[in-house]
Structures are given as structure tokens and as C-alpha cells.
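Take a look at the structure set out below.
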Amino acid sequence: MKKQIIYMVCATALLSSCHIYKAYDRPKDIDTSGIYRDPASATDTLNGDSEENIGNLPWQDIFRDEKLQSLIIKGLENNVDFQSAQLRVDEARALLTSARLSYLPSLNLAPQGTINHADGATSKTYQLPAVASWEVDLFGKLLNSSRSAKASLLQSEAYQQAVRSSLIANIANSYYTLLMLDRQLAISESTSEIWKENVRAMEAMKVAGMTTEAAVSQAKANSHQVEASLADLRRQIRETENALSVILAEAPQTIDRGTLESQIMPDKLAAGVPLQLLSNRPDVKTAEMALAGAYYSTNQARSAFYPSVTLTGTAGWTNAAGSAIINPGFFVLQAVGQLAQPIFNRGKLIANLKVSKAEEEIAKMNFQQSILNAGREVSNALYLYDASSKKITEHKAQVVELTKAVEYTQALFHSGEASYLETLTAQQSLLSAQLNEVSDTFQRMQAVVNLYQALGGGRE
């Protein structure tokens with residue numbers, strides 16, 4: 001009868017603990033539908049244009065400038081943050097190995113020796129045992145610990161990918177910023193020469209009585225303003241070069257680079273289907289692995305309610321057996337089985353389980369939020385590319401028209417049919433339009449970089 005009761009208790013415990021053996025599975029209520037906004041369609045929501053995804057492409061296919069590629073390679077080799085992320089992966093891999101080794105018995109050699117002296121007599125005893133201990137994982141304690149370590153490893157690998165993606169994006173953005181500033185500097189320098197020539201022409205016209213001193217002073221003031229903008233652009237170039245050098249783990253120095261006009265960017269940006277974010281996007285993967293780790297922690301909290309079984313064995317030699325002293329020693333073998341069932345700490349175990357369930361629910365909400373954040377970044381990058389492309393078209397047309405306007409107003413001014421103010425306004429408008437066109441080109445490049453990173457790019 002007693003044996004039957006024991007069997008029933010064990011069977012009940014095993015049946016009630018089935019959940020703690022179950023591996024993590026992505027929750028069914030995690031929603032990935034409609035997280036992209038279509039930048040052009042009236043339906044607003046972009047469910048995914050195709051299975052294509054520029055985040056799956058090698059970064060060399062996106063950033064084709066050879067000088068930029070060499071900078072990215074240098075950054076991947078030298079950047080401190082990326083090297084630290086690689087070491088974090090090594091740490092997590094070592095912890096996973098340690099967790100898996102927990103399934104094996106532990107073996108220790110514990111030699112002991114004793115010397116006793118009493119009533120003029122000396123006795124010497126020794127023990128040379130090897131002690132083996134093995135925890136039988138009946139209720140998934142070690143199993144869930146190993147699975148949690150595996151989730152931590154995947155989380156570290158996702159973090160490494162995030163650092164890699166961010167590093168490539170930062171280098172590309174810095175490089176394109178330098179190209180934009182170079183082009184703006186060239187335009188401003190050309191404008192500065194035009195203004196200097198205008199000042200000389202105005203002074204000659206003043207001598208001839210064709211204009212006033214006020215007009216000459218206004219021309220000089222505008223020339224000085226352009227010169228001041230040149231100094232500011234050179235400062236920005238120097239600071240951007242310094243920042244990029246630090247990213248490459250080098251002392252601040254001049255960055256070898258190409259030109260804005262020579263850059264070749266993808267004609268079409270493919271975002272892929274939203275579900276790809278779950279496998280590509282590193283912060284989404286990190287959030288999901290955090291959820292998996294919380295799930296296994298909850299399972300470990302559940303397994304704490306069940307007995308733990310430990311088998312211990314000792315084998316070795318000794319010359320001590322009770323009061324008798326034997327020399328040489330003889331072989332001793334001992335085996336012990338231990339079962340520990342929590343009784344009086346059940347309240348603490350219940351509290352730990354509630355905390356684990358709460359942490360698992362928080363991790364689940366963070367996972368869903370990370371998907372929404374990723375969708376927002378993809379949507380923003382798609383719209384930035386679309387908007388900057390349209391702006392480039394309009395500003396190019398504006399530059400063409402303003403160039404004509406400057407030529408016409410200058411001709412009219414020299415013939416006395418237009419005022420100096422009209423010439424000044426036309427030249428200032430042309431400079432502004434030219435700088436805007438450069439800025440739009442940079443924004444479109446930036447949109448490519450942002451979308452590549454938002455889709456989890458940066459992998460091999």
C-alpha cells in the first residue's frame with residue numbers, strides 16, 4: 001500500500017511538471033502585421049513589398065565606394081565597441097558550456113591525514129578518497145538553466161550584430177556627411193569668388209558714378225558673410241573627420257574620400273516582409289531572447305517546488321576503521337542517495353514564481369514594443385528616401401531657373417534696368433537652392449543607411 005501511494009505521488013509530480021520541460025516558443029499573440037507605412041499608397045500600411053530585403057544584402061552591395069569600404073573594414077577590425085561585443089559573445093559561450101557540463105557528475109579528490117599523540121603513543125591515519133556527485137535532473141532545473149544560457153548566448157550574438165550594424169551605419173553617415181560638406185564648401189567658395197568680383201565691379205561703377213556707396217558697402221557685407229560661412233564649413237569638416245577617426249580607433253586625421261556626385265546608391269529600397277524583422281533586426285532578437293530567458297527563469301522557479309535528487313559516491317583507501325589501525329590501508333566504497341523536498345519555504349518559492357511570471361510578462365511587452373519601434377524606423381527611412389528624392393527633383397529645377405535669373409538680373413543691372421537689390425536677392429536665392437540640393441542628396445543617402453540599419457543589416 002505504501003509503495004502504491006509513493007508511486008501515485010511521483011506520477012502526480014511528474015504530470016504536473018510537464019510544462020517545465022517545454023522549450024520556448026514565440027507567443028501566438030505577438031503581432032507583426034502592418035508595421036510598415038507605405039510612403040506613397042493611400043492605404044497607408046505596407047505589409048511588405050516582397051521577400052527581398054536590403055538588410056539581407058552584404059554591406060559591400062549597398063556601399064559601393066571603395067574608399068568607404070576600406071573605412072568600414074578598418075572600423076570592423078579596430079573599433080573598441082565591436083571588439084567588446086565579440087568578447088561578450090565569448091563570455092556567453094563559455095557560460096553555456098558550463099551550464100551543459102552541469103549534467104555530468106562532479107569528481108573531486110579529497111586526501112586527508114591525521115596524527116594523534118596521547119599517553120606517549122602516536123597514531124597516524126590517512127584517507128585517500130575520490131568523491132563523485134551527480135544531481136539527477138528529474139524536474140528540469142538543469143535543463144532550463146542550460147536553455148537560459150543558450151538564450152543569453154543568442155542575446156549576446158544579437159547585441160554583437162547590433163553593434164556591427166550601428167558601426168557600419170555610423171561610418172557611412174560620417175563619410176557621406178564629409179562628402180556633403182565638401183560639396184557645400186566648393187559651392188560656397190565659388191560663390192565667394194563671385195561676390196568678390198561683384199565688389200570690384202561695384203567699386204568701379206561707384207567711381208563712374210553709376211552706383212552709390214551704400215550699394216558698395218552692402219556688396220562687401222554679403223561677401224564677408226559668405227567668407228564667414230566658409231570658416232564654419234571647414235570647422236564642421238574638421239570635426240567630422242576627427243569623430244570618424246575616433247570611430248576607427250585612430251588619432252584624428254584627414255580622411256581620404258571621394259565626391260558626392262560619384263556615389264552610386266540603390267535605385268529601389270526593398271523592405272521585405274515584416275516577419276523578417278524577427279530574424280534580422282538585432283534589437284528585436286535581443287528582446288525575444290530576453291523573453292526566452294525570462295520564460296526559462298519561470299520554469300526554474302516552478303521546478304524549485306519539486307524534489308531534488310543527488311547521488312554521491314566515495315571510493316578510496318584508508319588505514320582507519322573505527323578504533324583499529326591497519327597498515328597498509330584497505331579499499332573503501334560508499335554510495336549515498338539524497339532527496340530534498342521543499343516544505344517550510346513554500347511561501348518564498350511562491351513569491352519567486354510570481355516575480356518570475358511578472359518579469360516574463362514585462363519581457364513579452366518589451367518584445368512587442370521592439371517590433372513596433374523597428375516598424376517605425378523602417379517607415380521613417382522609407383519616407384525620408386521618398387521625400388528627399390522628390391525634393392532633389394524640385395531643387396534641381398529651382399537651381400536651373402535661379403541660375404537664369406541671376407544672369408538676367410546682372411545683365412539688367414549693368415544696363416541700368418534693374419536695382420542692385422534684385423541682383424543680390426537672385427544670387428542669395430541661387431546659393432540657398434544649391435546648398436539645399438546638396439542637403440537633399442545627403443538625406444537620400446542617409447535614408448539608405450537608416451533603412452539598411454533598421455532592417456538589421458551589417459551582417460557578413
Side-chain angles (χ1 to χ4, degrees), residues 24-41 43-57 59 62 81-82 85 88-89 151-174 266 269-295 358-388 443-459:
Y24 165 80
D25 192 18
R26 182 177 297 154
K28 302 297 183 183
D29 55 345
I30 293 295
D31 186 18
T32 63
S33 61
I35 60 174
Y36 299 164
R37 294 187 67 183
D38 194 320
S41 174
T43 59
D44 193 51
T45 299
L46 176 69
N47 290 319
D49 44 11
S50 68
E51 290 294 333
E52 296 180 357
N53 182 341
I54 70 168
N56 290 331
L57 298 176
W59 58 263
I62 305 298
D81 292 335
F82 186 59
R88 295 295 183 191
V89 173
S152 295
L153 173 60
L154 295 176
Q155 191 173 3
S156 297
E157 290 176 343
Y159 173 73
Q160 179 189 20
Q161 181 186 334
V163 174
R164 178 186 176 87
S165 176
S166 177
L167 175 61
I168 292 175
N170 287 340
I171 293 175
N173 272 327
S174 298
L269 301 186
V273 296
L275 190 62
Q276 290 177 330
L277 280 183
L278 301 182
S279 58
N280 288 0
R281 175 93 177 200
D283 60 333
V284 174
K285 291 168 61 178
T286 298
E288 183 170 18
M289 289 305 100
L291 174 58
Y295 171 83
E359 291 295 329
E360 183 180 354
E361 188 63 27
I362 292 172
K364 181 180 176 182
M365 291 187 294
N366 289 338
F367 179 36
Q368 180 67 73
Q369 188 62 41
S370 68
I371 296 174
L372 296 177
N373 291 338
R376 171 181 57 83
E377 293 184 9
V378 172
S379 299
N380 289 347
L382 287 172
Y383 198 82
L384 177 61
Y385 185 86
D386 185 70
S388 58
Q443 283 187 352
R444 186 166 62 176
M445 293 177 176
Q446 194 175 40
V448 175
V449 177
N450 292 349
L451 182 61
Y452 186 65
Q453 184 179 9
L455 292 171
R459 298 174 297 161

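Both backbone and side-chain heavy atoms feed into the values below; hydrogens, waters and symmetry mates do not.
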Task: Residue list, side chain to side chain donor-acceptor pair (under 3.5 Å) with Asn450, at least two apart or on another chain - done: none
Task: Nearest-0.5 Å distance, CD of residue Gln155 to CZ of residue Arg88 - done: 12.5 Å
Open item on the list: Quick check for you: to the nearest 0.5 Å, what is the distance between Ile62 atom CD1 and Leu451 atom CG?
Closed with: 9.0 Å
TODO: Going by the side-chain contact (heavy atoms from CB on, under 4.5 Å) test, name the single residue among Leu167, Asn173, Ile168 that passes it with Ile171.
DONE: Leu167
TODO: State whether the side chain of Ser165 and the backbone N or O of Gln161 hold a donor-acceptor pair below 3.5 Å, judged by distance alone.
DONE: no
Open item on the list: Does either side chain, that of Asn373 or that of Glu377, offer a donor lying less than 3.5 Å from an acceptor on the other one?
Closed with: no
- [ ] Please say whether more than 12 non-hydrogen atoms of neighbouring residues, nucleotides or ligands are located less than 6.0 Å from OH in Tyr24.
- [x] yes
Task: Residue pair Met445, Val449: steps toward the side-chain contact (heavy atoms from CB on, under 4.5 Å) verdict - done: CA-CA 6 Å; Met445 293 177 176; Val449 177; 5.7 Å; no
Task: 4.5 Å side-chain heavy-atom contact, Gln160 and Val163 - done: no
Task: Spatial distance of atom CD1 (Ile371) from atom CG (Asn366) [nearest 0.5 Å] - done: 11.5 Å
Task: Residues forming a side-chain contact (heavy atoms from CB on, under 4.5 Å) with Ala363, sequence neighbours excluded - done: Leu291, Ala294
TODO: For Ser370 and Phe367, indicate whether the former's side chain and the latter's backbone hold a donor-acceptor pair under 3.5 Å.
DONE: yes
Open item on the list: Using 0.5 Å steps for rounding, measure from the NZ atom of Lys285 to the CE atom of Met289.
Closed with: 8.5 Å
Task: Main-chain N/O of Ala162 paired to Ser166 side chain as donor or acceptor, under 3.5 Å - done: no
Task: Side-chain heavy atoms of Tyr385 within contact of Gln443, under 4.5 Å - done: no
